[in-house]
Asks: 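Sending over a structure as C-alpha cells; questions will come in a sec.
Chain letters run A, B, ... following the sequence lines, proteins first, then strands; residues in each count from 1.
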There are 2 protein chains.
Amino acid sequence: MSKLTPVVPCASCPIRHSAVCAECDSDELEMLSSIKSYRTIPAGAPLASAGESLTHFSSIVTGCATMSRTLEDGRRQTVGLLLPSDYIGRPGRARAAFDVEALSEVTLCRFERRAFEDLLRKTPHVASRLLKMTLDELDAARDWAVVLGRMTAREKVATFLISLARRQAAAGDALAGAVTMRLPLSREAIADHLGLTIETTSRQMTALRKDGLIEMTSNRDIRIPDFGALALEAGDDGDGGLIV
Amino acid sequence: MSKLTPVVPCASCPIRHSAVCAECDSDELEMLSSIKSYRTIPAGAPLASAGESLTHFSSIVTGCATMSRTLEDGRRQTVGLLLPSDYIGRPGRARAAFDVEALSEVTLCRFERRAFEDLLRKTPHVASRLLKMTLDELDAARDWAVVLGRMTAREKVATFLISLARRQAAAGDALAGAVTMRLPLSREAIADHLGLTIETTSRQMTALRKDGLIEMTSNRDIRIPDFGALALEAGDDGDGGLIV
DNA sequence: CGTGTGTTTGACTGATCTCAACGTCGGTGG
DNA sequence: CCACCGACGTTGAGATCAGTCAAACACACG
C-alpha cells in the first residue's frame with residue numbers, strides 16, 4: 001500500500017523552510033536526518049484511521065490529503081486539508097483522532113513517535129516551531145467554524161476556492177488579478193469539506209461560473225478571472241483575518 | 001472596566017493543575033509568580049477584540065467567556081467556549097484573532113506578552129504544557145467542525161448540553177445517571193455557538209424537554225435525568241472521540 | 001405599574017437536501 | 001475502431017428543515 005522511498009538530504013527538501021524543521025540549524029538537521037524515513041502513499045489510500053494506532057509523526061513533503069470524521073450513519077465532515085509541510089500525528093498520543101486519506105500520491109517524511117518525542121525535548125527549535133504551527137492550525141480551524149456555521153452555500157464555495165488559491169500560491173503572493181489552479185479534491189470531497197451535499201456544491205459552482213466569477217476548462221481546472229471579485233463573494237473584504 | 005485583583009499564591013490556585021503552569025515545579029512557579037498579575041472583568045465586558053492589540057497572555061482562573069467572530073452583516077459565530085484553565089492570547093502575536101467576551105465575571109491570571117515569551121524559552125515545562133493544551137484545543141475545534149457542518153439542530157443542541165455537562169463535571173467523572181447544571185450562556189450565545197438562530201435553539205430545547213430528555217427549572221437551570229439517553233440524541237454512542 | 005430584555009411560540013418562507021435522471025469522460029474489451 | 005461500462009458530475013422536481021417575521025409571554029427593575 002505504501003512504499004519506502006530513498007531519503008533525500010534536508011538541504012534540498014521542498015518543505016525545508018516551512019515544516020517542523022524550519023527553525024533548525026545544521027546540527028539539529030543532522031539529528032533529524034538520522035531518524036527520518038520517507039514513505040510514498042498512492043492516491044486514495046489511508047494515511048491514518050480514527051481510533052487506530054499511529055506509530056509515526058509525519059510531515060507531508062508532496063501531495064495532498066484530507067483529515068475527516070465519518071458519523072455512524074455515513075455523514076462525513078472534513079476537518080482539515082493537508083498540504084506540503086502540514087503534519088499528521090501528535091506527540092504524546094498513540095492513536096489517531098481522525099481519518100486521514102491521500103487525495104493525490106503523497107510523500108511523507110516520518111519520525112517514529114517515541115524518537116520524535118525525545119527530539120522535542122532535545123531540540124527546542126523543533127518544539128517552538130511545532131507550537132507555532134499548531135497555533136496557526138488552531139486559528140485556521142476556528143476560522144473554518146465561521147464558514148461552516150454561518151455562511152451560505154455560495155459563500156462556502158467561494159471561500160473554499162479563495163482559500164485554496166491562497167494556499168497554493170507561493171507564500172506572500174498578492175493574488176490580485178487572474179489565477180489558475182487545479183482542484184486536488186473531487187466534488188464529493190469539496191462537499192464534505194464545506195458541510196454541503198455534492199449536488200449543492202455542483203450547483204453553486206455552476207452559478208459562480210454563470211456569473212463569470214470562475215471559468216472551468218475541466219471539472220478540476222479552475223480559472224479565477226478576477227480574484228478580488230470572487231473574494232468579495234466569499235465575504236472577504238480584504239482586511240484579512242477571515243480566510244484560512 | 002476591569003480591576004486589578006490581589007495576587008493569590010499558585011499553591012492555592014484553583015487551576016494550578018490544569019493551566020499552562022500544570023507541569024511546573026516549585027522553582028518554575030516562583031518564576032511565574034514574580035511576573036503574574038490578576039485582573040477581574042465584569043460579566044459582558046470584552047477581554048479582547050479581533051484585530052486589536054493584546055498586551056497579555058491570560059489564563060481564566062474563574063468564570064466563563066466566549067471567543068467569537070462577527071461578520072460585517074452581523075452574523076456571529078462562536079468558535080470557542082473558555083472555561084477555567086483555558087488561555088487567551090498567543091505567544092509571538094500582538095493582535096487578537098477573535099473577540100473574547102466575559103459571560104460571567106471572569107478572573108484572569110495574566111503575563112505581559114514579552115515576559116511570557118521569555119518564560120517559554122526558559123521553562124520547558126510551560127512550553128510543553130502549552131503545546132499539549134493547544135493540541136487538545138485543536139482536536140476540540142476539529143470535533144466541533146463536525147457538529148457545525150453535519151449535525152441537525154436537535155443533535156447540535158443535545159451535543160452542546162452533553163459537552164457542557166462533561167466540561168463542568170470534575171475531570172474524569174463518569175456522568176452516567178442524572179446531572180444538574182446551570183447554563184453560563186444565554187439562548188443567543190448558545191445559538192451563536194451552534195450556528196443556529198435563537199428561535200431554532202429555543203424550539204429544540206422545548207422539544208428535548210417535551211421528550212423528557214431534559215428538565216428546566218428556569219431558563220438557565222437544566223437537569224438531565226438520563227445522561228446516556230441525551231448522549232444518544234447527540235449521536236454519541238459512548239465509544240468516545242466525538243464529543244469535545 | 002409600566003418598561004425593557006430575554007425567551008417562547010406561531011405562521012410562513014426559502015435555502016438546502018433528497019431522490020432521480022441524464023451527461024461526460026476515460027478505460028476496456030470485443 | 002467503436003461500443004460498453006463505471007465513476008464522476010450536472011441538472012431537475014419536490015420535500016424538508018431551519019430561517020424570518022411577528023406576536024405573546026416572563027421576569028427583573030425602576
Asks: Under the rule for salt bridge (charged side-chain N to carboxylate O under 4.0 Å, His left out), what residues qualify as partners of A:E105, not counting sequence neighbours?
Replies: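 Result, salt bridge (charged side-chain N to carboxylate O under 4.0 Å, His left out) vs A:E105: none returned.
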
Asks: Do side-chain atoms of B:R95 reach the backbone of B:G51 as a donor and acceptor pair under 3.5 angstrom?
Replies: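 Between the backbone of B:G51 and the side chain of B:R95 there is a qualifying donor-acceptor contact (under 3.5 Å).
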
Asks: Does B:F57 have any ring-ring contact (aromatic ring centres under 6.0 Å, His included) partners at least two apart in sequence or in another chain, and if so, which?
Replies: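 ring-ring contact (aromatic ring centres under 6.0 Å, His included) list for B:F57, sorted by chain: B:Y87, B:F116.
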
Asks: Check every nucleotide of DNA chain C for an atom under 4.0 Å from a heavy-atom of chain A, then give the first and the last such nucleotide from 5' to 3'.
Replies: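 Terminal contacting nucleotides, 5' to 3': C:dT16 to C:dC19.
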
Asks: Using a heavy-atom cut-off of 4.0 Å across all strands, would you classify A:T152 as base, sugar-phosphate, or nothing?
Replies: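 It contacts sugar-phosphate atoms only.
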
Asks: Quick one: side-chain contact (heavy atoms from CB on, under 4.5 Å) partners of A:T217, sequence neighbours excluded?
Replies: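 Once residues adjacent in sequence are excluded, the partners of A:T217 under the side-chain contact (heavy atoms from CB on, under 4.5 Å) criterion are A:D221.
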
Asks: Tell me every residue that passes side-chain contact (heavy atoms from CB on, under 4.5 Å) with B:A102, counting only those two or more places apart in sequence or in another chain.
Replies: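 By the side-chain contact (heavy atoms from CB on, under 4.5 Å) rule, B:A102 matches B:I41, B:L47, B:V106.
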
Asks: What pairs with B:A94 under side-chain contact (heavy atoms from CB on, under 4.5 Å), at least two apart in sequence or on another chain?
Replies: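 With sequence neighbours excluded, B:A94 shows a side-chain contact (heavy atoms from CB on, under 4.5 Å) to B:R113, given in chain and number order.
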
Asks: According to the salt bridge (charged side-chain N to carboxylate O under 4.0 Å, His left out) rule, which pairs have a member within residues 202-212 of chain A, sequence neighbours left out?
Replies: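 Non-adjacent pairs meeting salt bridge (charged side-chain N to carboxylate O under 4.0 Å, His left out): A:R154-A:D211.
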
Asks: List in numerical order all residues of residues 199-206 of chain B for which some heavy atom is under 4.0 Å away from an atom belonging to DNA chain D.
Replies: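 Residues of residues 199-206 of chain B under 4.0 Å from DNA chain D: B:E199, B:T200, B:R203.
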
Asks: First contact, last contact: which nucleotides of DNA chain D are these for chain A, 5' to 3', heavy-atom distance under 4.0 Å?
Replies: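 Result: D:dG9 to D:dA13.
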
Asks: Heavy-atom contacts under 4.0 Å between residues 179-194 of chain A and DNA chain C, which residues?
Replies: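 Hits under 4.0 Å, by residue number: none.
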
Asks: Is A:R142 reaching over with its side chain to a backbone N or O of B:A97, donor-acceptor style, under 3.5 angstrom?
Replies: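 Side chain of A:R142 to backbone of B:A97: no pair is present.
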
Asks: Could you go through the side chain to side chain contact (heavy atoms under 4.5 Å, CB included) check for A:F98 and A:I88 one step at a time?
Replies: CA-CA 10 Å; A:F98 298 92; A:I88 299 163; over 6 Å; no

Asks: Can you name the side-chain contact (heavy atoms from CB on, under 4.5 Å) partners of B:A50, sequence neighbours left out?
Replies: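 Testing B:A50 for side-chain contact (heavy atoms from CB on, under 4.5 Å), a comparison that skips the adjacent residues, returns B:D99.
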
Asks: In Å, rounded to the nearest 0.5 Å, how long is the span from CG of B:L108 to CD1 of B:I60?
Replies: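 B:L108 atom CG to B:I60 atom CD1 measures 6.5 Å (nearest 0.5 Å).
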
Asks: Pair up each side-chain donor or acceptor in residues 185-202 of chain A with any protein partner under 3.5 Å, not counting sequence neighbours, and list the distances.
Replies:
| from | atom 1 | to | atom 2 | distance (Å) |
| --- | --- | --- | --- | --- |
| A:S186 | OG | A:E188 | N | 3.4 |
| A:S186 | OG | A:A189 | N | 3.1 |
| A:R187 | NH1 | A:N219 | O | 3.2 |
| A:R187 | NH2 | A:N219 | O | 3.2 |
| A:D192 | OD1 | B:R150 | NH2 | 3.0 |
| A:D192 | OD2 | A:R76 | NE | 3.0 |
| A:D192 | OD2 | A:R76 | NH2 | 3.4 |
| A:T197 | OG1 | A:T200 | N | 3.2 |
| A:T197 | OG1 | A:T200 | OG1 | 3.1 |
| A:T201 | OG1 | A:T197 | O | 2.8 |

